[in-house]
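Heads up, the thing below is written out as structure tokens.
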Amino acid sequence: MGKSLRSPATAGLKLTGHSVKARKIARDGKGLPIRMAKPLFKEEEWAAVRAAR
């Protein structure tokens with residue numbers, strides 16, 4: 001479950017790639033991440049979840 005909580009998808013970001021290892025954050029023409037949904041966590045909470053390994 002830890003890996004899924006650290007996934008950028010929980011921050012509402014679109015991912016590309018057909019396998020878990022190949023997944024990357026999708027970016028728009030300006031190089032900014034594409035947000036597909038409202039994040040599940042606030043930015044500070046998501047950073048804390050990613051830091052807690």
Acceptor/donor pairs from residues 25-39 side chains to any protein atom, 3.5 angstrom cut, sequence neighbours excluded:
from: R27; atom 1: NH1; to: G31; atom 2: O; distance (Å): 3.0
from: D28; atom 1: OD1; to: K30; atom 2: N; distance (Å): 2.9
from: D28; atom 1: OD1; to: G31; atom 2: N; distance (Å): 3.0
from: D28; atom 1: OD1; to: L32; atom 2: N; distance (Å): 2.9
from: R35; atom 1: NH1; to: A11; atom 2: O; distance (Å): 2.1

**Study point:** CA sep, side-chain torsions, deciding dist, call: S7, L15, side chain to side chain contact (heavy atoms under 4.5 Å, CB included)
**Key:** CA-CA 9 Å; S7 170; L15 301 176; 3.8 Å; yes

**Study point:** Residues in salt bridge (Lys or Arg N to Asp or Glu O under 4.0 Å) contact with E44, at least two apart in sequence or another chain
**Key:** none

